[in-house]
Structures are given as structure tokens and as C-alpha cells.
Amino acid sequence: MSDKKYTITAALPYANGPVHVGHLAGVYVPADIYVRYLRSKGEDVAFVCGSDEHGVPITIRAKKEGVTPQEIVDKYHGIIKKSFADFGISFDIYSRTSSTTQHQTASEFFKKLYDDGAFEEKETEQFYDEKNQQFLADRYIVGTCPRCSFDGAYGDQCESCGSTLSSTELINPTSALSGEKPVMRNTKHWYLPLDKYENWLKEWIVDGHKNDWKTNVYGQCKSWIDQGLQARAVTRDLDWGVPVPVEGAEGKVLYVWFDAPIGYISATKDWAAEKGKNWEDYWKGENTELVHFIGKDNIVFHCIIFPTMLKAEGSYVLPQNVPANEFLNLEGDKISTSRNWAVWLHEYLEELPGKEDVLRYTLCANAPETKDNDFTWKDFQARNNNELVAILGNFINRAVVLTHKYFEEKVPERNTLEAIDEEVIQKMNEFPQLIAASLDKYRFREAMGVFMDLARLGNKYLADTEPWKLIKEDEQRVATILNISLQIAANLAIVGEPFLPFSMKKLEGILNTTSRKWNEAGKADLLDSGHQLNKATLLFEKIEDEMVATQVQKLENTKKQNEMENKEVAPLKPEITFDDFMKMDIRIGKVLEAEKMKKSKKLLKLIIDTGIDTRTVLSGIAEHFTPEEVVGQQVSVLVNLAPRKMMGIESQGMVLMAEDNDGSLKFIQPGDEVVPGALVS
RNA sequence: CGCGGGGUGGAGCAGUUGGUAGCUCGUCGGGCUCAUAACCCGAAGGUCACAAGUUCGAGUCUUGUCCCCGCUACCA
């Protein structure tokens with residue numbers, strides 16, 4: 001008996017919102033399929049996951065809602081954990097990073113690296129919000145962009161001109177949290193010197209995993225490594241998280257990305273303790289295979305930072321593979337927690353009870369394995385009706401119903417085999433290896449497709465042999481055909497279990513068998529003749545148009561409702577005098593020409609007839625309008641605004657726009673056409 | 001801007017070291033009736049994002065361009 005172990009991790013969901021279909025398709029469904037397959041093969045697997053409960057966003061959300069961070073994470077941890085369990089994601093443990101074990105483990109991990117001198121210590125000046133008594137991440141500082149004078153630039157980037165900034169460059173920086181002016185303060189942090197591991201990473205990933213990692217993952221890693229790595233801070237000034245366990249680090253916690261992956265380890269510890277196993281077998285064993293299932297945004301953390309941490313620590317195994325998926329869109333739009341554009345798992349389970357496998361099937365069939373993909377309710381319905389019902393469910397039903405009709409619910413005797421029988425048995429025998437080959441390569445869509453081909457094989461076999469015709473003349477022949485058909489059904493139950501655990505359980509019920517393991521798949525004698533079957537029930541039911549319409553409607557409603565809630569009217573600006581207003585020279589002009597600025601996402605170059613002259617105005621509207629749409633429009637122009645150079649061209653004025661709730665822009669236009677140069681006042 | 005991934009018949013995907021473009025669903029026609037109007041057979045449908053190049057020959061290699069997504073707050 002080998003001591004081979006598998007440690008399979010699924011990305012820790014961030015505990016500030018429930019889980020949606022995007023998470024499932026990208027991470028949890030493929031991970032669960034893989035794990036179920038391994039277990040069926042009899043492998044020793046630890047499938048670990050948990051809620052990621054630290055980090056700045058949770059503290060901000062808590063502050064906004066007037067509750068403690070703990071209350072936020074308790075709420076979502078509960079929802080997430082339950083929905084995973086109900087959905088059949090078969091974690092061995094679903095833990096959380098606020099657990100005692102995690103605090104200890106992360107703390108010890110940091111201490112070990114600290115004692116080994118693996119960190120660099122750096123003191124820097126950072127903005128500090130005195131009102132909120134906390135240091136501010138770049139993203140939480142807002143000010144005027146030094147390049148384009150845009151007011152709402154963030155500390156790391158200006159959304160208007162796209163330039164990358166450092167928060168110290170901002171003019172008039174203010175805290176996004178309190179609106180106060182932040183002050184500079186000294187702070188000390190510990191850095192993981194990734195640059196020192198560059199050669200090792202190069203060897204390990206660029207040379208070592210060229211052929212077995214997915215191209216998107218490999219490409220991303222290679223690009224990071226080739227560009228040169230920099231030391232990365234692993235601590236933060238914050239009071240929510242795992243305290244930094246060294247002297248002089250009061251008020252500091254481990255950076256959430258140092259903390260979170262250690263959650264995989266602490267979860268394994270808790271699980272092992274409960275099961276009387278040794279957790280180290282699953283993290284430090286020579287024959288341990290560690291696999292991280294994640295989404296594409298996490299590639300750098302799981303392929304570079306966490307492995308470097310493990311390497312620096314020294315006693316851990318490294319991930320064997322990191323099969324990261326791309327993203328899933330919903331009805332053509334990006335899934336967004338904040339915009340409430342999502343199908344939430346806990347709601348799905350409530351509203352479509354008993355349809356766990358339909359969602360699993362749809363998400364696996366549409367899994368964004370190589371590129372972003374789209375989930376639509378129409379496709380969900382089609383997958384169910386045309387594939388699960390028509391091909392898989394129907395085959396089972398045909399085989400069982402025929403048996404009931406002709407052989408009183410008992411598996412009939414198999415008699416002399418004809419060529420077609422031999423052929424079908426031979427093909428059936430090949431399926432487990434075919435499916436396994438795909439699963440071993442993390443090609444879940446392909447694997448599931450092959451599984452469905454087995455059901456197709458069954459349907460074809462019945463169509464070719466036509467037992468309903470033969471029954472009148474040759475009952476023995478029909479017995480053979482149905483025996484083989486039922487063997488196919490029994491095989492489906494084994495190889496389909498990783499994909500459709502609920503339905504395959506149901507199928508076992510119909511066939512009156514217990515769960516069988518992967519090594520029995522492919523055999524043509526899983527059911528003995530004379531074996532008593534149970535009554536046929538349908539594995540899948542048709543999904544009617546109304547159900548789909550209801551879900552689509554719900555999506556539209558929540559979107560609308562969400563927009564209403566977000567209808568935040570910008571606060572009133574300070575009062576100005578009439579004279580102040582009169583200083584502005586706003587006129588109606590007509591756009592004569594428009595072209596997209598090269599090398600700019602947002603800027604359009606407009607030639608405008610202002611009545612007094614014809615001038616060039618650059619406007620950041622390229623993401624909302626094509627040049628063609630703009631030409632000929634009458635627009636309001638602030639004509640006495642000081643000229644400003646952008647992308648090498650001088651802009652002589654500003655086109656006035658109104659920004660709608662959804663972020664789209666509309667021109668401020670006269671109701672009827674007026675002469676160019678008409679004053680606005 | 002840069003870097004990475006993707007762009008293949010209506011939809012979703014395969015296409016290994018360059019050699020007549022495949023699969024599933026949908027559509028159309030036929031067959032069958034055991035089965036949840038399900039199943040089986042056949043057909044139509046693609047200038048493989050665009051352009052140039054290397055080659056006897058390119059979806060597959062090279063160069064350039066365009067579009068989508070990520071790297072960049074929330075977030076898989």
C-alpha cells in the first residue's frame with residue numbers, strides 16, 4: 001500500500017457575500033468532481049476549504065453597517081457553509097480563517113520565517129487617517145490627479161487618464177473613509193523578498209511545469225517571473241486579522257494574502273485532529289500531491305507567493321498543479337457582488353429544489369476552462385431538457401421500463417452474444433479510462449462529455465436492436481439486450497457520480513445497488529441476472545419556459561432594485577455667488593469631427609464649432625460613444641476653461657455630460673436645435 | 001502603455017510534432033414508437049478575428065492590426 005496522499009484545496013471564499021454561480025463554475029464544481037473521482041478510485045484525499053474572513057474590505061463593510069467585523073463574517077460564513085453542503089460540494093472540512101487553529105498556524109508560520117531571517121524589514125511613510133485612527137491603503141485615498149487634474153483619482157491609479165500613481169503624488173489627498181485630510185506617519189513592515197526566489201521559481205515553474213500546467217496559468221506566471229519580482233509586504237496596519245507575533249508590531253496584522261492560504265493548512269489540521277489522522281502527511285509527505293483549484297485572479301498568489309512562502313518555510317510540499325479557470329459571465333454581463341448581478345447559490349437551492357445536479361451539469365458544461373464564458377438561463381434549460389432529460393434520463397427510463405414490462409422488474413438472463421453486443425460491451429469497457437484520462441488532465445467539460453457519450457451509446461444500442469419489436473418472436477434475445485442495457489446503466493452510475501452525485505444516487509436506488517467504486521467501472525456483469533430492480537422514477541424533469549422566465553425576471557428585478565438603492569445623489573457642493581457662475585462661458589456647439597485618440601481607452605478628439613471658433617476638445621467619452629455617434633451632435637461646451645494638454649494634444653474646453661446611475665454618459669443638449677454659439681445661462 | 005489568456009459553422013467547445021476542419025446542442029429531412037414529442041439515421045451550415053510573410057502546403061509557425069477578459073477597489 002502506497003502512502004500517496006492528495007491534498008485538494010478550493011479557493012477560500014471571501015466572507016463578505018454569499019457564493020454565486022461564478023464561484024461554483026470556476027472553482028468548486030471542478031474541484032468537487034476531481035475529488036469525488038479520486039475518492040472513487042480509493043485515493044486518500046483531504047479536500048479542504050473555508051471562509052477567508054480577514055482583510056480591509058470586511059472592516060470597512062462592518063463600519064458602514066455599524067456592526068463588528070465578526071458579525072459580518074459570522075453571517076456569511078454560515079450562509080456559505082450551508083449552501084456548499086446542500087449543493088453537494090464534498091469538503092472534508094469547511095473551516096474559517098478566524099479560527100483559533102488558523103491564528104496559531106499563521107502566527108507560527110510567520111514566526112518561523114521571521115526567526116529564519118526570511119523577511120526584510122522596511123520602514124516607510126504612509127498616509128494615516130487620524131479620525132478613523134488607521135493607515136490607509138492607496139485605494140482609499142482620493143485626490144486630484146497630477147497628470148490630468150481629474151478630481152476623483154485614487155491613490156494607486158487615475159480612472160480618468162489611466163495613469164498609475166502613487167498616493168503621495170495626489171494633489172489634495174483626502175481619506176475615502178472619513179473625508180479628512182490624512183497625515184504622513186512612519187510605519188514598519190515585513191516583506192517577503194520574492195526577488196531572492198526568482199531563480200528557483202524560474203526553475204520550478206518556467207522549466208518544470210511548462211507542459212503540465214494550463215497555458216493561462218503558465219503564461220501568467222512566466223510573465224510575472226520574467227518581469228522581475230519585488231519584495232512584497234506581508235503585514236498591514238490594521239486591527240482585524242492575525243496579529244503579527246513579534247515585538248514592536250502592535251496594531252499590525254498579517255496581510256490577508258499571507259494569512260489566507262495558510263487557512264488551507266489550518267483547515268487540514270482541524271480535520272486531521274477530528275479524524276485521528278496526522279495533518280503533516282497531507283502537507284509534508286513525500287508522496288503528497290497538492291492541487292489548488294482557483295479562479296484566474298488568484299494565479300499569482302497560488303503559483304508564486306504561497307509556494308515561495310512554503311519554500312521559505314522549508315518543510316512543505318509544493319503544489320503539483322494549479323488548474324485555474326477563467327471567469328463566468330451572467331446573461332452577457334460580468335458577475336458582480338456589489339451590483340447584485342449574480343445567481344446566488346443559497347437562493348438557487350431554495351427556489352429550484354432537487355435541481356442541484358442540473359446546475360452542476362450546466363456549470364461544468366460551460367466551465368470557463370480556457371476563456372471566459374457565459375451562463376444564461378436559456379442555456380440552463382436547454383442543457384437540462386436536451387441533454388440530461390433527453391439523453392441520460394431517457395436512456396435509464398427506457399432500459400428500466402422495458403425490463404419492468406417484459407421481465408417483472410428483474411435483471412434478465414444474458415444469452416448468446418451477437419456481434420453488436422460484443423461491440424457495445426467492448427466500447428463500454430473503454431469509457432472509464434477515457435473519462436479518467438480527461439479528469440487527470442483537469443478537462444472536466446471533456447470528461448463529462450465522454451460520460452454523456454456512454455448514455456448516447458446506450459440509446460443507440462436500443463435503437464439498433466429494437467427489443468420492443470423482438471419481444472414478439474425472440475424473448476431470449478430481448479433478455480440479452482436488456483441485460484446489457486442495464487449494465488450500461490450501472491456503469492453510468494459509477495462514472496457519473498463525480499459529476500451528478502445526487503442523480504447517480506437516485507439511479508443506484510432504481511437499480512437497487514449500493515455505491516460501487518471506479519475500479520469496477522467498465523465491467524459488463526455489475527448486475528446479476530435475477531437481481532430485483534426498484535420502480536422506475538425519473539432522474540430529471542423537464543424545465544418549462546415559465547421557470548426560466550421567472551428566474552430571468554428575478555434577475556431583472558434585483559438589478560432594478562439594486563439601481564434604485566444605489567441612487568446616491570452627489571452631495572451639494574459649497575455655495576457660490578452669481579458672479580462665480582457668470583464666470584463660466586458655456587455655449588452650445590456642434591461636433592464637426594470626432595476620432596478616437598490613439599493609445600487611449602477613454603479619450604475622443606472632437607472638433608467643435610462653438611460659434612466663435614472651431615476648436616479641438618478632448619473628451620473622456622470613448623467608452624460610451626463611437627466617433628460616428630458623436631458627429632453632428634449639439635453639445636454644451638465650457639469654452640473659457642484653461643487649455644490643457646493630454647496625450648500630446650491640447651484640449652480647448654470641456655464638453656458637459658450627465659452621468660447616469662449605471663455610469664453611462666449623456667450629452668447636455670438643447671431640446672431643439674439652436675445656432676452654434678448660443679449661450680447657456 | 002505594458003504583460004498574460006482568448007477570438008474556429010446559430011450557441012458551447014476539440015483541433016496533439018503544419019498535410020483533405022471535428023464534437024455536442026440547435027436547424028432541416030427521414031426512420032422508429034420502448035421512452036419525459038424523448039430516441040436513431042442523414043443533410044445543410046465555417047474565406048478557422050483581420051492583414052502580410054515563411055512553406056510544396058498554415059486553424060496550427062513569424063510579424064503587424066482589431067476586439068473581449070484579467071493583471072487594477074469589491075471579486076473566482
Side-chain angles (χ1 to χ4, degrees), chain A residues 10-14 16-17 19-28 55-58 60-61 137-140 154-157 159 162-164 176 214-224 226-227 293-300 324-329 334-339 342 365-374 376 378-379 382-383 385-391 393-406 443 445-446 448-450 452-453 456 458-464 466-469 471 478 482 485 536 538-542 599-601 647:
Chain A
L12 306 181
Y14 200 55
N16 73 339
V19 165
H20 56 61
V21 288
H23 298 116
L24 296 174
V27 177
Y28 306 102
V56 182
I58 282 173
I60 288 173
R61 185 173 179 140
D138 284 345
R139 193 72 198 185
Y140 293 104
Y154 294 107
D156 53 353
Q157 189 186 34
E159 303 270 275
S163 47
T164 308
K214 291 174 65 171
T215 46
N216 57 340
V217 177
Y218 179 81
Q220 188 77 56
C221 293
K222 188 172 183 306
S223 136
W224 271 77
D226 287 350
Q227 279 172 48
F293 282 85
I294 55 167
K296 66 174 158 185
D297 56 340
N298 268 336
I299 289 174
V300 64
N325 275 337
E326 303 284 303
F327 279 3
L328 187 73
N329 294 324
K334 274 172 80 167
I335 293 179
S336 163
T337 302
S338 51
R339 285 192 299 115
N366 277 325
E369 285 181 10
T370 49
K371 63 172 180 190
D372 288 0
N373 228 326
D374 202 22
T376 63
K378 198 169 162 245
D379 177 73
R383 295 273 181 197
N385 293 356
N386 304 332
E387 298 181 30
L388 289 177
V389 171
I391 295 165
N394 187 41
F395 167 66
I396 302 296
N397 197 40
R398 296 171 83 184
V400 175
V401 166
L402 285 170
T403 306
H404 283 212
K405 254 189 196 166
Y406 306 145
R443 295 178 169 218
R445 281 190 310 220
E446 186 180 88
M448 198 171 71
V450 177
M452 289 300 284
D453 282 342
R456 289 188 182 97
N459 275 319
K460 185 164 161 47
Y461 178 61
L462 285 179
D464 288 347
E466 300 182 307
W468 50 90
K469 278 188 184 167
I471 190 66
V478 173
L482 289 183
S485 300
L538 298 179
L539 282 186
F540 304 99
E541 277 166 15
K542 282 214 142 204
K599 300 186 174 185
S600 168
K601 263 192 217 169
M647 314 287 297

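Proteins get letters first, then strands, A, B, ... in listed order; numbering begins at 1 in each. All values derive from a computational prediction rather than experimental measurement.
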Residue pair A:I471 / A:K405, side-chain heavy-atom distance below 4.5 Å:
no
Among B:G12, B:C34, B:C32, the one nearest A:K469 by side-chain distance
B:C32
Looking at A:E369, is its backbone amide N or carbonyl O close enough to the side chain of A:K214 to form a donor-acceptor pair, meaning the two atoms are under 3.5 Å apart?
yes
Separation of B:C41 C1' from A:Y461 OH (nearest whole Å):
19 Å
A:L402 has an atom CG; how far is it from atom C1' of B:A35, in whole Å?
7 Å
Quantified in whole Å, what is the C1' atom distance between nucleotide B:G7 and nucleotide B:A49?
6 Å
B:G18 and B:G53: how far apart are their C1' atoms, nearest whole angstrom?
15 Å
Measure the distance from CG on A:D372 to P on B:G12 and round it to the nearest whole Å.
12 Å
Using a 4.0 Å heavy-atom cut-off across all strands, classify A:A382 as base, sugar-phosphate, or nothing.
nothing
According to side chain to side chain donor-acceptor pair (under 3.5 Å), who are the partners of A:N298, at least two apart in sequence or on a separate chain?
none
Any A:K334 side-chain nitrogen or oxygen under 4.0 Å from OP1 or OP2 of B:C74
no
Considering only atom C1', compute the distance from B:G46 to B:C1 and round it to an integer number of Å.
36 Å
Tell me whether the side-chain N/O atoms of A:R443 come closer than 4.0 Å to OP1 or OP2 in B:A14.
no
Does a side-chain N or O of A:T370 approach OP1 or OP2 of B:A14 to a distance below 4.0 Å, or not?
yes
Applying the side chain to side chain contact (heavy atoms under 4.5 Å, CB included) criterion to A:L539, which one of A:N394, A:V389, A:I396, A:L388 satisfies it?
A:I396
Under-4.0 Å salt bridge between A:D372 and A:K296:
yes
Send over the distance from A:E387 CD to B:U24 P, rounded to a whole Å.
11 Å
Of the candidates B:C25, B:C13, B:C39, the side chain of A:A390 sits closest to B:C39
Mind checking A:L539 for me? I need base, sugar-phosphate or nothing, with any heavy atom below 4.0 Å counting as a touch.
base
Would you say B:G26 has OP1 or OP2 under 4.0 Å from some side-chain N or O of A:N386?
yes
Check this one for me: any side-chain N or O of A:K405 less than 4.0 Å away from OP1 or OP2 of B:A35?
yes
Reported OG1-to-CG distance for the pair A:T376 and A:N373, which is rounded to 0.5 angstrom:
10.0 Å
With rounding to the closest Å, how many angstrom separate the P atoms on B:G45 and B:C28?
16 Å
With heavy atoms under 4.0 Å as the rule, sort A:G449 into base, sugar-phosphate or nothing.
nothing
Once you apply a heavy-atom cut-off of 4.0 Å, does A:R61 come out as touching a base, just sugar-phosphate, or nothing?
nothing
Whole-Å distance, A:E326 CD to B:C13 P, equals 11 Å
Measure from CE on A:M448 to P on B:A14 and round the result to the nearest Å.
14 Å
If you measure from the P atom in B:U63 to the same atom in B:G5, how many Å do you get, rounded?
13 Å
Proximal nucleotide (of B:A14, B:C34, B:U36) relative to the A:N397 side chain:
B:U36
Under 4.0 Å between a side-chain N or O of A:K371 and OP1 or OP2 of B:A14?
no
Once you apply a heavy-atom cut-off of 4.0 Å, does A:N16 come out as touching a base, just sugar-phosphate, or nothing?
sugar-phosphate
In whole angstrom, what separates A:N394's CG from B:A37's P?
9 Å
N/O donor-acceptor pair under 3.5 Å between A:Y28 side chain and A:A11 backbone:
yes
When the C1' atoms of B:U20 and B:U24 are considered, how many whole Å apart are they?
23 Å
Nearest whole angstrom, please: distance from the P of B:A35 to the CH2 of A:W468.
10 Å
Of all the base pairs, Watson-Crick or G-U under 3.5 Å, which form stems of three or more consecutive pairs involving RNA chain B?
B:2-7 with B:66-71, B:10-13 with B:22-25, B:27-31 with B:39-43, B:49-53 with B:61-65
B:U55 and B:U8, which share atom name C1', separated by this distance in whole Å:
23 Å
In whole angstrom, give me the gap between the P atoms of B:A76 and B:C41.
44 Å
